[in-house]
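Below is one structure, written out as structure tokens, with a few remarks after it.
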2 protein chains.
Amino acid sequence: MTTLDSERFADFLRTNALKATATRRLIFREIMASSSAHLDADEILLRLRKKGKSVSLATIYRTLGLLVRSGLVGRVDLGENHAHYEREGPRAGHGHLICLSCGRVIEFADSAVQGALAQIGEEFSFRLDKFSLQIFGSCADCRR
Amino acid sequence: MTTLDSERFADFLRTNALKATATRRLIFREIMASSSAHLDADEILLRLRKKGKSVSLATIYRTLGLLVRSGLVGRVDLGENHAHYEREGPRAGHGHLICLSCGRVIEFADSAVQGALAQIGEEFSFRLDKFSLQIFGSCADCRR
DNA sequence: TTTAATGCAAACATTTTGCACCCTG
DNA sequence: CAGGGTGCAAAATGTTTGCATTAAA
């Protein structure tokens, strides 16, 4: 997590007349700290507990809502029955390769894909806001 | 729905020692009939009720499970908090353009996208089984 | 007649909400 | 010290499951 992230978060709170509480900072840091983990609400709770921090699931969900609205965090569907959350980098949209054997999630950003999507937007005269792209299959390790 | 679909369904049931019940046929037909509707479990229930058919939600979910396993139906996440189901045509994978204003869902299949995805698979030495691609934004009508 | 399918209600899992109390600004 | 934030428990969804009954093969 960069200082810049923290400032963006602080700005967001200030702009919306929201309070910068200790609990919010904890949750925010937990997500930013594990940029490759794609945490879910429960996992965040567990990680905070392991650090001796007591936070309620309700507050985690409420804070996740704020973070998603702020644009700092993205909600992802990885094919499970609950949402996962990931740091929304400054980079453009990206997709996920999800291994159905080991559950590993590999992120990728590909300009060819992005170009093709932009093309589709034009073709249907559809303005793209964001996209969600998940590829399910099996990774190299699991196929050996 | 084609006769071929019905036969594929019948075959699937026979092969797996499952019974071809009236209820299963009803549910199956309802999904196949509305190829562009992307129904959810509740919508299927309502449509069957409107036709005077009484089916339980439990059976709808159980049958949807079968249909997905058979490959005749696909489960899609359209950004709502529940699953939608669509006829899994014989065509290759496709994506959805989802209008955030009116909720309209436009399907598209694009070879450029598919090519780019195959490329990514190779790059990461990942075997692609299927993909899920949703684009959120606003359609031409809603932008007027 | 044997085995699976159905409906119902209860169980589950995830996420949201109401409310009394606490803390930040 | 005013107004939002928090935890807790309860509610709201969406989906699954156990069990007695019904129906397909």
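Sequence lines set the chain letters: A, B, ... in the order given, protein chains first and strands last, and positions in each chain run from 1. This structure is a prediction, so every number in the text was calculated from the model and none was measured.
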- Look at all strands and tell whether B/R24 reaches a base, only sugar-phosphate, or nothing, counting heavy atoms closer than 4.0 Å.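 It contacts sugar-phosphate atoms only.
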Once you apply a heavy-atom cut-off of 4.0 Å, does B/A22 come out as touching a base, just sugar-phosphate, or nothing?
nothing
Just the rounded figure in Å: distance from [atom2] of [N] to [atom1] of [X].
| X | N | atom1 | atom2 | answer |
| --- | --- | --- | --- | --- |
| B/L66 | C/dA5 | CG | P | 8 Å |
| B/L26 | D/dA23 | CG | P | 14 Å |
| B/E80 | D/dA12 | CD | P | 20 Å |
| A/I60 | D/dT6 | CD1 | P | 11 Å |

- Counting side-chain heavy atoms from CB outward, which of D/dG5, C/dT6, C/dT14 is closest to A/Y61?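 Per side-chain heavy atoms of A/Y61, the pick is C/dT14.
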The nucleotide from C/dG18, D/dT17, D/dA2 with an atom nearest the side chain of A/R62 is C/dG18
Using a strict cut-off of less than 4.0 Å between a Lys/Arg side-chain nitrogen and an Asp/Glu carboxylate oxygen, indicate whether B/E30 and B/K51 qualify as a salt bridge. yes
Backbone of A/C139 reached by a side-chain donor or acceptor of B/R127 within 3.5 Å: no
N/O donor-acceptor pair under 3.5 Å between B/R143 side chain and A/S125 backbone: yes
**Asked** According to the interplanar angle, ranging from 0 to 90°, do the rings of B/F9 and B/F28 count as parallel (below 30°), tilted (30 to 60°) or perpendicular (above 60°)?
**Response**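 Plane angle under 30°, so parallel.
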